[in-house]
Amino acid sequence: MKLWTQFFIPTLKESPADAEIASHKLLVRAGLVRKLGGGLYTYLPLGQRVMQKITRICREEMDRAGGIELWMPHVHPAELWEQGPRWAAAREIMFRADSAGDGKRAGKDPEFVLGPTHEEVITPLVKAEITSYRDLPKNFYQIATKFRNEIRPRYGLMRAREFVMMDAYSFDTNDDNAVKSYFAMKAAYESFFRRLGITAIAVEADTGVMGGSFSHEFMVPAEVGDDDIIYCEESGYAANREKATSALVPADLADAAPAGAIEEFATPGVVTIAALEAAPYAVPADRQFKTLVYVGDGKPFLVVLRGNDELEGQTGALSFTVVRPATAEEIEPVLGAKPGSLGAVRGTIRNPDALAGVFADHAIRLVGNGVTGANKDGFHLRNVNVTRDLAITRFGDFRRVRPGEPCPKSGRPLQSRRGIEVGHIFKLGTKYSDKYGAVYTDDQKQSHPMVMGCYGIGISRTLQAIIEQSHDADGIIWPWHAAPFQVLICVLDPQLPEAMELVTKLGHAAEQAGAEVLVDDRAERPGVKFKDADLIGLPLRLTIGGKGLKEGIVELKWRTEKEARKIPLAEAEALIAAEIKKAVSGQ
RNA sequence: CGGGGCGUAGCUUAGCCUGGUAGAGCGCCUGGUUUGGGACCAGGAGGUCGCAGGUUCGAAUCCUGCCGCCCCGACCA
């Protein structure tokens with residue numbers, strides 16, 4: 001039992017000016033966190049208790065799924081990352097920890113970095129320590145602070161520079177076993193979120209800079225989420241928009257036959273899809289080939305889309321580490337024209353050998369014969385045929401899927417909604433084990449790279465996602481197992497000895513039944529206490545007041561319910577215990 | 001890093017355009033009256049007006065630079 005007056009719960013009547021979304025406001029108003037700087041937060045006692053709840057459940061689920069807990073340093077030698085496969089991409093978000101003292105010894109390159117994640121630490125460890133198939137599989141995890149210099153921290157704990165994450169790394173002898181490890185973790189994640197009392201759905205996701213073969217994100221549906229989820233209720237298909245595909249292009253679509261010889265025509269001043277759609281050219285956007293130039297790891301490449309399609313995010317399907325749009329200065333020497341007149345027609349590209357490839361979205365096959373830039377300023381080509389004329393290295397999914405397009409599984413229209421990414425699992429393959437030489441010897445004395453998976457849960461982000469998903473106009477509504485305390489005893493007259501005696505009695509009964517109890521013993525008016533009770537949102541509230549004592553009752557009220565129940569003092573202990581036991585066991 | 005907005009007491013803010021004693025509400029302290037959904041009265045403490053320079057007799061207010069924060073975009077758990 002904890003007395004409010006001997007604890008520290010600084011609640012606020014007004015929302016801080018820098019909080020935009022409900023969960024962020026409530027985090028601060030309910031006294032869970034305070035901001036130190038952009039993306040940096042102190043967890044106040046109440047917030048810290050929730051963190052411990054989430055952490056404990058996470059640990060239990062990881063252990064149950066065969067995870068082995070360890071602890072890795074947060075300060076990493078930069079050299080370790082330099083040897084890894086993604087130094088170039090990762091250093092953008094890594095804090096440097098160069099040297100101590102006045103910084104005069106600091107070099108141009110960091111000596112140390114703060115760990116944003118730990119593949120670069122765990123893989124060399126496993127390489128050194130595990131060499132036999134007899135010691136596999138293994139799945140190591142830790143629950144620890146991560147550091148990422150997010151370009152734009154946002155929404156409180158939602159995207160912070162310093163945050164708490166559970167990160168796990170699995171090592172298997174072969175692909176089949178790695179898939180088993182992957183799905184064991186997926187099940188553990190589902191159990192974790194279910195126990196916390198929030199809805200998190202697994203969606204197919206892009207592997208991004210992490211690399212690897214496939215991946216799922218766990219999304220908490222919320223309007224304020226950073227991600228778009230594309231889903232189909234009928235088939236259960238769900239994917240991050242970056243990864244989503246649709247059945248827009250029928251599997252049996254025949255290649256279009258050429259419509260005639262390519263003709264060049266003058267389009268002075270026309271540098272946009274829209275301008276080409278307008279008179280006098282009148283070429284609909286979906287009859288145009290759009291040619292985009294990007295630079296992947298220093299080498300330019302082309303992406304060809306329909307004129308009315310958009311490139312989706314980065315090009316996770318391609319195996320570049322760092323991708324950025326090409327500048328006009330880079331484009332002209334390679335293609336022969338400025339942006340606006342570009343195309344991928346064979347023979348028109350000035351320096352095709354400079355290109356790392358020409359990647360085309362499947363949907364351009366729907367165009368069949370269309371119009372594209374001539375790689376000659378002020379000119380376009382018509383009757384360009386996909387198969388005959390375009391110099392395509394390979395096809396892929398590069399376009400952004402739009403809601404309403406047919407589901408790849410059911411063919412029904414896809415829907416879209418926003419979500420908060422609270423967890424991510426990747427089947428990595430051998431990207432890191434190859435790089436660091438993490439190999440084992442099998443029973444035939446053969447050496448093989450270990451097949452890895454990696455897994456993350458944003459613990460601190462989950463805290464906020466719970467609030468975002470579970471609150472009302474008055475405050476937070478904690479699910480039982482995430483709550484900092486489960487029971488709040490509101491003593492309206494703490495100066496009455498008989499009131500405090502009853503608090504002790506009921507408090508013990510509640511604790512015996514498995515609840516943690518907070519007692520509001522402040523000398524405040526009832527209104528203040530009730531407002532704060534709703535704000536901090538503990539699941540069960542017991543109200544003890546002078547009036548009730550005279551009547552011989554206490555009040556029991558669930559945060560989720562509107563009305564309080566009056567229960568006779570004689571039955572109070574037993575009834576409270578019964579209610580709590582129900583809640584502990586999951587209603 | 002591009003675009004937009006904002007920095008005044010612990011919190012929410014007025015004042016800035018049009019330069020002239022820095023104001024309110026909440027919170028805090030003291031006393032009193034109250035006490036079942038953010039009470040009232042009286043008194044009180046608390047402010048380098050983000051920082052630095054400039055213009056001016058005089059700057060929270062005008063100008064310049066810097067810093068910080070928030071929002072939108074590209075990235076992430």
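For the residue pair Ser23(A)/Gln464(A), the side-chain donor-acceptor check at 3.5 Å is satisfied.
Each of Arg195(A), Arg194(A), Lys186(A) was scored for a salt bridge (charged side-chain N to carboxylate O under 4.0 Å, His left out) with Glu61(A), with one residue passing: Arg195(A).
Applying the Watson-Crick and G-U wobble criteria (two distances, each under 3.5 Å), C76(B) pairs with nothing in any strand. Across all strands shown, G38(B) forms no Watson-Crick or G-U wobble pair with both key distances under 3.5 Å. Under the Watson-Crick or G-U wobble criterion, with both distances below 3.5 Å, G20(B) is paired with C57(B).
Of all nucleotides listed (G73(B), C75(B), U12(B)), U12(B) comes nearest to the side chain of Ala17(A).
Salt bridge Arg56(A)/Glu60(A): present, at least one basic N to carboxylate O contact under 4.0 Å. For Arg402(A) and Glu310(A), the salt-bridge test fails: no basic side-chain N is under 4.0 Å from an acidic carboxylate O.
Counting any heavy atom pair closer than 4.0 Å across all strands shown, Asp226(A) reaches a base atom. Within 4.0 Å (heavy atoms only), Pro116(A) reaches no atom of the nucleic acid at all. Arg34(A) comes within 4.0 angstrom of nothing in the nucleic acid, heavy atoms only. Ala200(A) comes within contact range of no nucleotide atom at all, as no heavy-atom separation falls under 4.0 Å.
Taking 3.5 Å as the limit, the base of G73(B) and the side chain of Arg154(A) contain no donor-acceptor pair of atoms between them. Looking at Arg525(A), its side chain has no donor and acceptor atom pair within 3.5 Å of the base of C40(B).
The interatomic distance linking Glu242(A) (CD) with A77(B) (C1') rounds to 14 Å, in whole Å. Rounding to whole angstrom units, CD of residue Glu551(A) and P of G36(B) are separated by 14 Å.
Distances shorter than 4.0 Å separate some side-chain N or O of Tyr155(A) from OP1 or OP2 on C72(B). The phosphate of G27(B) (OP1 or OP2) has a side-chain N or O of Lys13(A) nearer than 4.0 angstrom. Considering only side-chain N and O atoms, Lys35(A) lies under 4.0 angstrom from the phosphate OP1 or OP2 of C70(B).
Ranked by how close their nearest RNA chain B nucleotide is to the 5' end, Phe530(A) and Val422(A) are led by Phe530(A). Between Met165(A) and Ala19(A), the residue anchored closer to the 5' end of RNA chain B is Ala19(A), taking for each the nucleotide with the nearest heavy atom.
For the pair Lys529(A) (side chain) and Val491(A) (backbone), a donor-acceptor distance under 3.5 Å is present.
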Contact list (N/O, under 3.5 angstrom) for nucleotides 1-7 of chain B vs protein:
none

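Side chains of Met72(A) and Tyr169(A) form a contact here, defined as non-hydrogen atoms less than 4.5 Å apart.
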